[in-house]
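Structure record follows, encoded as structure tokens.
Lettering follows sequence order; numbering is per chain, from 1.
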2 protein chains.
Amino acid sequence: MDTIARTPEDIGTALRNARKAARLTQKGLADRSGIWQETISKIETGTGSAKLDTIFDLCAALDLELHVSPRSKGANIALEDIL
Amino acid sequence: MDTIARTPEDIGTALRNARKAARLTQKGLADRSGIWQETISKIETGTGSAKLDTIFDLCAALDLELHVSPRSKGANIALEDIL
DNA sequence: ATACTTTATGATCCATACATCATTAACATA
DNA sequence: TATGTTAATGATGTATGGATCATAAAGTAT
């Protein structure tokens, strides 16, 4: 499973999916990441933004890593891009 | 070119490499991303952390995207992990 | 419907990222 | 060396992320 992210919201949903795949509650993830449940909720729902530090803390707890790569042309185009 | 990032510093160096590959100065990237040169400098050098918003602004200006994926076992292991 | 668990929301406080301006250091190059 | 460009540093003010506590809303049972 590999998710493309171009916005903080994309990261939020990717993290939520990974958390659920790991069968963790927000509280469970909070415990193992040191990030508060309330903060996780805000990140997953895209309410406000987040710090990179926090994202990496969550990635570490979920055994995820980020890959920085050239934008893939034509893939995952948002509706606004073509309308 | 695809860089694995597990820390804010990794992101900083990936962005710097991408900027140089695009033959842009920090000021040039600042102009097209809306992020100030001073801020770009701090992100690239890993001085302090950054907001996700800012990272995505820079990614957009450099035609980069992030991929969230399961940690690749055995690859890119830090010294601290095995010492 | 009731009880329990999980997630979302709201307020406050503190830390800090970013904008902004000024300046210095580094690095080219004439 | 002197000049010009690029990158880094420092200070200040504003905006906001995250910790923390409390609570409400949603979801999932029994």
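Under the salt bridge (Lys or Arg N to Asp or Glu O under 4.0 Å) criterion, A:Glu44 pairs with A:Arg16, A:Arg19, not counting sequence neighbours. For A:Lys27, the salt bridge (Lys or Arg N to Asp or Glu O under 4.0 Å) criterion is met by A:Asp31, not counting sequence neighbours. Residues satisfying the side chain to side chain contact (heavy atoms under 4.5 Å, CB included) criterion with B:Ala21, sequence neighbours excluded, are absent altogether. Remark: A:Thr45 pairs with A:Thr47 by the side-chain hydrogen bond (donor to acceptor under 3.5 Å, both in side chains) rule, at least two apart or across chains.
The backbone N or O of B:Cys59 sits nowhere less than 3.5 Å from a side-chain atom of A:Arg6 that would complete a donor-acceptor pair.
Helix-axis bend for the helix from C:dA1-D:dT30 to C:dA30-D:dT1: the local axis fitted to the five terminal pairs at one end deviates from that at the other end by 60°, rounded to 10°.
Rounding to the nearest 0.5 Å places CG of B:Leu29 at 5.0 Å from CG of B:Leu62. Rounding to the nearest 0.5 Å places OG of B:Ser69 at 11.0 Å from CD1 of A:Ile4. The structure places NE2 of A:His67 at 6.0 Å from CG of B:Asp2, a figure rounded to the nearest 0.5 Å. The distance from the CG atom of B:Leu52 to the OG1 atom of A:Thr7 is 9.0 Å, given to the nearest 0.5 Å.
Side-chain contact between A:Ile55 and A:Ile43: present, with at least one pair of heavy atoms (C-beta onward) separated by less than 4.5 Å.
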Return a table of donor-acceptor pairs under 3.5 angstrom between the side chains of residues 35-42 of chain A and protein atoms on other chains or two or more places apart.
unit_1, atom_1, unit_2, atom_2, d
A:Gln37, NE2, A:Gln26, OE1, 3.0

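D:dT9 atom C1' lies 8 Å from atom NZ of B:Lys42, rounded to whole Å.
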For nucleotides 24-30 of chain D, read 5' to 3', which letter fits each nucleotide if B means a protein heavy atom sits under 4.0 Å from the base, S means only the sugar-phosphate is that close, and - means neither? -------
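Residues of residues 20-40 of chain B having a heavy atom closer than 4.0 Å to DNA chain C, listed by number: B:Gly34, B:Ile35, B:Trp36, B:Glu38, B:Thr39. A heavy atom closer than 4.0 Å to some atom of DNA chain D occurs in B:Thr45, B:Lys51, these being the qualifying members of residues 43-59 of chain B.
B:Ile11 approaches A:Phe56 most closely through the heavy-atom pair CG1-CZ, 3.6 Å.
Nucleotides of DNA chain C lying under 4.0 Å from heavy atoms of chain B occupy a range whose first and last members, 5' to 3', are C:dA17 to C:dA22.
Listed by first and then second residue, the side chain to side chain donor-acceptor pair (under 3.5 Å) pairs involving residues 52-62 of chain B are A:Ser49-B:Asp53 (not counting sequence neighbours).
In terms of hydrophobic clustering, with Ile, Leu, Val, Met, Phe, Trp and Tyr side chains grouped at heavy-atom distances under 4.5 Å, B:Leu24 and B:Leu15 are assigned to a common cluster.
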